[in-house]
Protein chains: 2
Amino acid sequence: MTPRTDRETKILDVAADLLVRHGYRRVTIDDVAGAAGIGKGTVYLHWKTREELFGAVFAREISAAVADMVAALRADPAVALLHRFAAEFFLAILRRPLLYGMVIGDVQMWGKLVGSEVGYDGGRHNAVMASYMDVLAVRGLVRKDLAPPELTYAFQSVFEGFIYAEREVGSESTRDERARLLSTTVESAFSRPGIPDDALADEVAVLLSGLV
Amino acid sequence: MTPRTDRETKILDVAADLLVRHGYRRVTIDDVAGAAGIGKGTVYLHWKTREELFGAVFAREISAAVADMVAALRADPAVALLHRFAAEFFLAILRRPLLYGMVIGDVQMWGKLVGSEVGYDGGRHNAVMASYMDVLAVRGLVRKDLAPPELTYAFQSVFEGFIYAEREVGSESTRDERARLLSTTVESAFSRPGIPDDALADEVAVLLSGLV
DNA sequence: ACTTGACCAGATTTCAAATTTGGTCATACA
DNA sequence: TGTATGACCAAATTTGAAATCTGGTCAAGT
């Protein structure tokens with residue numbers, strides 16, 4: 001059954017490439033099939049609709065970013081701290097052309113797919129974020145004068161603010177510098193001093209894996 | 001010369017009302033003239049183009065919000081502190097249907113007018129913000145381990161993040177609560193303890209007046 | 001058993017005619 | 001004499017039908 005999975009991967013690879021180069025609207029199933037060296041019908045053996053195919057590309061892209069986060073977490077448990085997490089995730093998103101394009105080009109690249117429930121569940125994303133915040137709260141690693149739901153809301157606002165800001169960023173700073181700035185901001189806004197242990201990193205990694 | 005100004009005000013009032021009700025694209029100069037009870041040509045005695053007229057509406061709306069800020073500053077000098085300023089400005093924007101619509105409906109309400117230079121100069125906005133941050137830095141009212149340009153960038157990212165978040169906010173919190181949350185976030189992220197005096201409030205008020 | 005591309009209906013694009021609208025200015029009016 | 005107006009025009013926008021394209025199916029081929 002491996003060849004089947006291989007083909008699926010190949011199709012997703014090809015689709016991601018076309019998506020990055022031409023944008024959501026301009027890529028047809030025929031294009032994808034042609035570039036993958038197979039017939040159009042074969043694509044439909046894997047996904048029922050065009051939306052599902054591109055949704056799968058999107059989901060895989062997110063999964064890859066999340067996988068990066070898990071890897072970073074394993075390499076350095078301190079990434080479990082909210083401010084480190086923020087910077088790392090910021091970079092993980094901007095590093096991937098498709099996600100970056102989604103942020104910058106917005107509608108251009110993904111059309112109405114973003115926001116729709118195909119391929120990726122935004123609700124689950126929020127749920128995981130909330131759980132993560134709970135974990136941090138229990139360990140006393142975030143400020144205690146705000147409830148976890150408030151912290152989650154504020155954190156996401158800040159995070160998305162920095163992401164959106166990438167749209168009109170000049171050349172006065174590097175992306176790494178902006179990631180550090182986000183980290184510093186989040187740290188003083190929400191974090192409490194504390195040493196992260198491997199158990200915490202594991203717990204967060206498991207949470208994140210729920211998104212893959 | 002007062003009747004002329006009165007008529008200008010009337011036209012702007014009527015245009016703002018139509019804009020809020022039908023959106024940028026659907027409002028014609030004839031509509032505006034008709035609703036103001038004057039001929040179309042008369043509108044062109046005040047503004048050279050349609051874009052300039054709506055630009056003036058936009059500018060007046062911003063000016064009103066800024067005037068609110070100046071008033072708040074006079075009433076309570078503590079509003080000069082970055083976190084108080086943030087909450088107050090947040091509310092001043094969301095309180096005005098046209099600006100609120102710009103945030104929420106985005107393209108729907110303002111079309112390509114936003115981002116264009118007509119009626120309002122985004123560059124000046126940034127300059128004023130930078131000056132404001134300099135003033136705070138000189139008085140030691142913001143953290144010292146970040147340079148003012150970094151502080152400005154981070155603050156604007158956070159502020160806009162909270163504004164954007166209004167788009168998909170649920171009913172679990174009130175707008176005032178979200179303003180307080182923004183305030184708290186900004187305070188711990190960027191502020192340093194300090195007592196604001198009337199001189200500071202004046203200075204900031206003067207800066208802001210440069211936007212009117 | 002698996003793959004394919006011809007095929008079809010519905011969606012999208014084209015393109016020209018019809019309509020609307022921004023902007024002007026000769027005329028009316030105070 | 002100075003101000004206001006709406007008929008007027010060119011340009012932009014909308015409409016609508018024909019032409020084209022594309023998502024999705026499935027009978028035929030391997």
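Computed from a predicted model, the values in this text were never measured in an experiment. Numbers restart at 1 for each chain; the letters A, B, ... are given by sequence-line order, proteins then strands. For the numbers below, each heavy atom of this structure counts, side chains included, while hydrogens, waters and symmetry mates do not.
- At the phosphate of dT3(C), neither OP1 nor OP2 sits under 4.0 Å from any side-chain N or O atom of T42(A).
- No more than 12 heavy-atom neighbours from other residues, nucleotides or ligands sit within 6.0 angstrom of CZ on R180(B).
- In this structure, the CG atom of L45(A) is 11 Å from the C1' atom of dT25(D), given to the nearest Å.
- With rounding to whole Å, I38(A) atom CD1 is found 10 Å from dG5(C) atom P.
- Across the protein-nucleic acid pair, K48(A) atom NZ and dC26(D) atom P stand 14 Å apart, rounded to whole Å.
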Give each protein N/O atom lying under 3.5 Å from an N/O atom of nucleotides 19-22 of chain C, with the pair distance.
unit_1: dG22(C); atom_1: OP1; unit_2: R50(B); atom_2: NH1; d: 3.2
unit_1: dG22(C); atom_1: OP2; unit_2: I29(B); atom_2: N; d: 3.0
unit_1: dG22(C); atom_1: N7; unit_2: K40(B); atom_2: NZ; d: 3.1

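- Comparing the start and finish of the helix from dA1(C)-dT30(D) to dA30(C)-dT1(D), five pairs each, the helix axis swings through 20°, to the nearest 10 degrees.
- Screening L211(B), V66(B), V204(B) for a side chain to side chain contact (heavy atoms under 4.5 Å, CB included) involving V128(B) leaves a single residue, L211(B).
- When atom types are taken as modelled, the side chain of S183(A) and the backbone of A179(A) share no donor-acceptor pair closer than 3.5 angstrom.
- E166(A) places no side-chain N or O within donor-acceptor distance of the main-chain N or O of I163(A), the cut-off being under 3.5 Å.
- For residues 71-93 of chain B, the pairs satisfying ring pair (Phe, Tyr, Trp, His ring centres under 6.0 Å) are F85(B)-F89(B), F85(B)-Y132(B), F89(B)-F159(B), with sequence neighbours left out.
- Side chains of D6(B) and T9(B): no donor on one and acceptor on the other come within 3.5 Å.
- Side-chain atoms of D134(A) never come within 3.5 Å of backbone atoms of S131(A) as a donor-acceptor pair (strictly under, hydrogens ignored).
- A distance-only check finds no donor-acceptor pair linking the side chain of T42(A) to the backbone of I38(A) [under 3.5 Å].
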